[in-house]
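One structure is given below, encoded as structure tokens.
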Amino acid sequence: MGVQLDKSGKMSGFNELLLNGVSSCWKSPSNIALVKYWGKRGNQIPANASISITLSEAYTITKVKAKPAAKPGNGPEVLFWFEGEHNSLFSAKIENFLKDILPFMPFLDQVSLEIESGNNFPHSAGIASSASGMSALAVCLCSIENQLLQQPVDENEFKRKVSFISRIGSGSACRSVFGQYAVWGKHQDVEDSTDEYAVSLGFEPHDSMKNIHDTIFIVDPTAKKVSSRVGHNLMNGHVFAEARYEQAKMNMSQILKAIRTGDWDLFAAITENEALSLHAMMMSSSPGYVLMHPNSLIIIDKIINFRKQTGAKLCFTLDAGPNIHLLYPHQEMAILRPLVSELKDFCYNNSVIEDMMGSGPAKLNCR
């Protein structure tokens with residue numbers, strides 16, 4: 001992976017292209033994990049395989065412009081804006097990410113990057129903003145690299161590289177590169193699965209599993225009490241870690257079966273078990289963290305009761321935060337309207353994101 005430099009370490013033939021600037025602009029979605037990745041080793045290698053639904057309406061838009069570096073060979077030069085403002089914390093994270101991927105994208109050592117990025121949903125509130133943000137940046141960088149190489153692009157290889165680069169910035173980001181369902185991490189039931197990047201399912205989902213909606217209840221839009229990176233590190237030495245990894249392995253097999261056969265009851269049982277297991281691991285860590293809000297529990301209880309009373313196909317999940325994702329097939333929309341209306345009362349300013357299964361990153365014509 002990556003481009004070749006000439007013997008002097010410079011980008012032979014690239015400078016003419018760079019003089020006027022080479023830019024790329026992409027929209028990349030967040031995703032919601034069904035089987036959770038929690039715990040890692042090495043350079044963003046997952047302790048267990050995970051599977052997610054790629055979303056459509058919770059996304060990051062990122063524009064990157066590359067110009068010749070003022071001092072080539074001193075590492076990537078970066079100017080970064082998040083939602084129109086310079087952000088020193090994010091800038092430091094981006095600079096570290098670019099240094100980490102330099103061995104795979106050596107042209108970065110010769111360029112100055114102007115990066116503009118923004119989300120259409122609350123940052124750091126447990127909706128996987130790092131997944132959409134890092135995948136958007138990765139796809140922009142890979143697109144710029146292809147422009148500089150001026151070579152034909154193989155779509156599958158391009159996606160694999162974007163996923164690989166995304167993973168180094170944020171593990172869950174590698175899954176946002178693929179539409180519908182994405183699997184990250186080696187698992188015996190998924191052909192070509194690997195710890196290095198995400199892959200598609202490898203089989204055709206049941207028709208009832210192809211158009212899943214995700215209504216996201218924003219219980220609290222503020223930043224999480226603890227970052228995902230810190231949360232993952234708490235798995236090191238966790239008394240329940242090995243049991244958790246074995247649980248995730250078995251749950252992967254079960255949810256793949258549910259997606260293949262259209263077994264919603266099994267799908268719901270595994271999805272909810274995974275969500276609660278993630279939060280149980282955080283609460284039983286040392287130190288322990290309670291990431292849910294009291295209203296999160298009220299919403300969960302009402303979802304369970306509604307399902308018992310109506311028999312509707314629905315389930316809940318959460319990432320590492322207080323906000324609740326309500327998952328359901330498209331055909332359940334009408335029956336769920338009263339429930340969604342009721343649950344808004346337990347959200348911050350009645351905030352809800354109506355989302356659904358999406359197709360992955362999209363190239364934009366940004367000015």
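- Judged as a salt bridge (Lys or Arg N to Asp or Glu O under 4.0 Å), the pairs with a partner in residues 226-252 (not counting sequence neighbours) are, in order, Arg244-Glu274.
- A salt bridge between Lys63 and Glu114 is absent, with no side-chain N of the basic residue lying under 4.0 Å from a carboxylate O of the acidic one.
- A tilted orientation is assigned to the rings of Trp81 and His86, their planes being inclined by 30° to 60°.
- Here Asn211 contributes atom CG and Gln331 contributes atom CD; the two are 8.0 Å apart, rounded to the nearest 0.5 Å.
- Hydrophobic clustering (ILVMFWY, side-chain heavy atoms < 4.5 Å, transitive): Tyr181 and Trp184 are in distinct clusters.
- Using modelled atom types, no side-chain atom of Gln180 and backbone atom of Met357 make a donor-acceptor pair closer than 3.5 Å.
- Identified under the salt bridge (Lys or Arg N to Asp or Glu O under 4.0 Å) test for residues 345-361, with sequence neighbours left out: none.
- Taking a 4.5 Å side-chain heavy-atom cut-off between Ile, Leu, Val, Met, Phe, Trp and Tyr, the cluster of Phe178 extends to Trp26, Val139, Val153, Phe158, Val162, Val177.
- No side-chain heavy atom of Ser208 sits under 4.5 Å from any side-chain heavy atom of Trp264.
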Report the C-alpha separation of Val230 and Asn233 in whole Å, then their side-chain angles, then the decisive distance to 0.1 Å, and conclude whether the side chain to side chain contact (heavy atoms under 4.5 Å, CB included) test is met.
-> CA-CA 5 Å; Val230 171; Asn233 289 338; 5.6 Å; no
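- By the 4.5 Å side-chain criterion applied to Ile, Leu, Val, Met, Phe, Trp and Tyr, Leu364 is assigned to a cluster that also includes Tyr59, Ile61.
- Tyr245 and Met250 fall into different hydrophobic clusters, defined by Ile, Leu, Val, Met, Phe, Trp and Tyr side-chain heavy atoms under 4.5 Å apart, directly or through other members.
- At least one donor-acceptor pair under 3.5 Å links the side chain of Ser296 to the backbone N or O of His293.
- The closest donor-acceptor contact from the side chain of Ser341 to the backbone of Arg337 lies at 3.5 Å or more, if one exists at all.
- Rounding to the nearest 0.5 Å places CG of Leu55 at 11.0 Å from CD1 of Ile212.
- Using modelled atom types, no side-chain atom of Thr215 and backbone atom of Leu326 make a donor-acceptor pair closer than 3.5 Å.
- Panel note: side chain Ser163, backbone Cys174; a donor-acceptor pair is recorded below 3.5 Å.
- Side-chain contact check for Asn31 and Thr54: no donor-acceptor pair (N or O, by modelled atom type) lies under 3.5 Å.
- At distances below 3.5 Å, not a single donor-acceptor pair connects side-chain atoms of Asn43 with backbone N or O atoms of Ile168.
- Residues that satisfy the side-chain hydrogen bond (donor to acceptor under 3.5 Å, both in side chains) test with Ser112, not counting sequence neighbours, are absent from this structure.
- Residue Lys161 holds its NZ atom at 5.5 Å from SG of Cys142, rounded to the nearest 0.5 Å.
- Arg175 and Ser50 make their closest contact through NH1-OG, 2.8 Å (heavy atoms, listed as atom of the first residue, atom of the second, distance).
- Pairs of residues two or more places apart, or lying in two chains, that qualify as salt bridge (Lys or Arg N to Asp or Glu O under 4.0 Å) and include a residue from residues 29-54 are Lys36-Asp319, Arg41-Asp195.
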Passes side chain to side chain contact (heavy atoms under 4.5 Å, CB included), Leu318 versus Leu291? Steps please.
-> CA-CA 10 Å; Leu318 305 83; Leu291 301 182; over 6 Å; no
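- Side-chain contact between Tyr328 and Ile335 is absent, with no heavy atoms from C-beta onward closer than 4.5 Å.
- Partners of Thr194 by side-chain hydrogen bond (donor to acceptor under 3.5 Å, both in side chains), not counting sequence neighbours: none found.
- In this structure, Ser130 and Ser172 have side chains that are in contact, with non-hydrogen atoms separated by less than 4.5 Å.
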Should Leu148 and Phe107 be marked as a side chain to side chain contact (heavy atoms under 4.5 Å, CB included) after you check the CA-CA gap, both sets of side-chain angles, and the distance that decides it?
-> CA-CA 9 Å; Leu148 295 174; Phe107 81 92; 3.7 Å; yes
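- Ser117 and Thr62 share a donor-acceptor pair across their side chains, judged by distance under 3.5 Å alone.
- Under the 4.5 Å side-chain criterion, counting only non-hydrogen atoms from C-beta, Phe217 is not in contact with Asn295.
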Could you walk me through whether Glu155 and Lys159 pass salt bridge (Lys or Arg N to Asp or Glu O under 4.0 Å), step by step?
-> CA-CA 6 Å; Glu155 183 177 353; Lys159 285 185 176 181; 3.8 Å; yes
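- In this structure, the side chain of Asn349 does not engage the main chain of Ser351 through any donor-acceptor pair within 3.5 Å.
- Residue Tyr289 qualifies as enclosed at atom OH: its count of foreign heavy atoms under 6.0 Å is above 12.
- In the hydrophobic clustering of this structure, Ile324 groups with Met333; members are Ile, Leu, Val, Met, Phe, Trp, Tyr whose side-chain heavy atoms approach within less than 4.5 Å, directly or through other members.
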Would you please test Gln254 and Leu266 for side chain to side chain contact (heavy atoms under 4.5 Å, CB included) and show each step?
-> CA-CA 7 Å; Gln254 290 294 95; Leu266 179 59; 3.7 Å; yes
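- Both Phe97 and Val78 belong to a single network of hydrophobic side chains, linked directly or stepwise wherever heavy atoms of I, L, V, M, F, W or Y lie under 4.5 Å apart.
- For His330, the ring-ring contact (aromatic ring centres under 6.0 Å, His included) partners are His213, not counting sequence neighbours.
- Ion pairing between Glu77 and Lys71 fails under the 4.0 Å rule for side-chain N and carboxylate O.
- Put simply, OG1 on Thr317 and CD1 on Ile270 are 12.0 Å apart, with the number rounded to the nearest 0.5 Å.
- Applying the disulfide bond (SG atoms under 2.5 Å apart) test to Cys347 and every residue at least two apart in sequence or in another chain returns nothing.
- Separating the CE atom in Met134 from the CD1 atom in Ile94 is a distance of 4.0 Å, to the nearest 0.5 Å.
- To the nearest 0.5 angstrom, Phe267 atom CZ is 11.5 Å from Thr261 atom OG1.
- For the pair Gln309/Asn305, a side-chain contact is recorded, criterion being any heavy-atom separation below 4.5 Å from C-beta on.
- Applying the salt bridge (Lys or Arg N to Asp or Glu O under 4.0 Å) rule to pairs touching residues 300-313 yields Glu272-Arg307, Lys302-Glu342, sequence neighbours excluded.
- Counting only residues at least two apart or on different chains, the disulfide (SG to SG under 2.5 Å) pairs with a member in residues 22-92 are Cys25-Cys366.
- The side-chain heavy atoms of Val190 and Leu256, taken from C-beta on, include a pair separated by under 4.5 Å.
- The shortest side-chain heavy-atom distance between Ile165 and Met105 falls under the 4.5 Å cut-off.
- The aromatic rings of Phe82 and Phe80 lie parallel to each other, their planes meeting at an angle below 30°, with 60° marking the opposite boundary.
- Residues Leu234 and Pro287 meet the side-chain proximity criterion, which asks for heavy atoms closer than 4.5 Å.
- Counting only N and O atoms by type, the side chains of Asn48 and Gln247 include no donor and acceptor under 3.5 Å apart.
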Walk me through it: do Arg160 and Glu196 pass the test salt bridge (Lys or Arg N to Asp or Glu O under 4.0 Å)?
-> CA-CA 9 Å; Arg160 282 193 293 269; Glu196 297 292 326; over 6 Å; no
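- Under the 4.5 Å side-chain heavy-atom criterion for ILVMFWY residues, no single connected hydrophobic cluster contains both Leu79 and Leu108.
- The ring-ring contact (aromatic ring centres under 6.0 Å, His included) check on Trp38 picks up His232, with sequence neighbours excluded.
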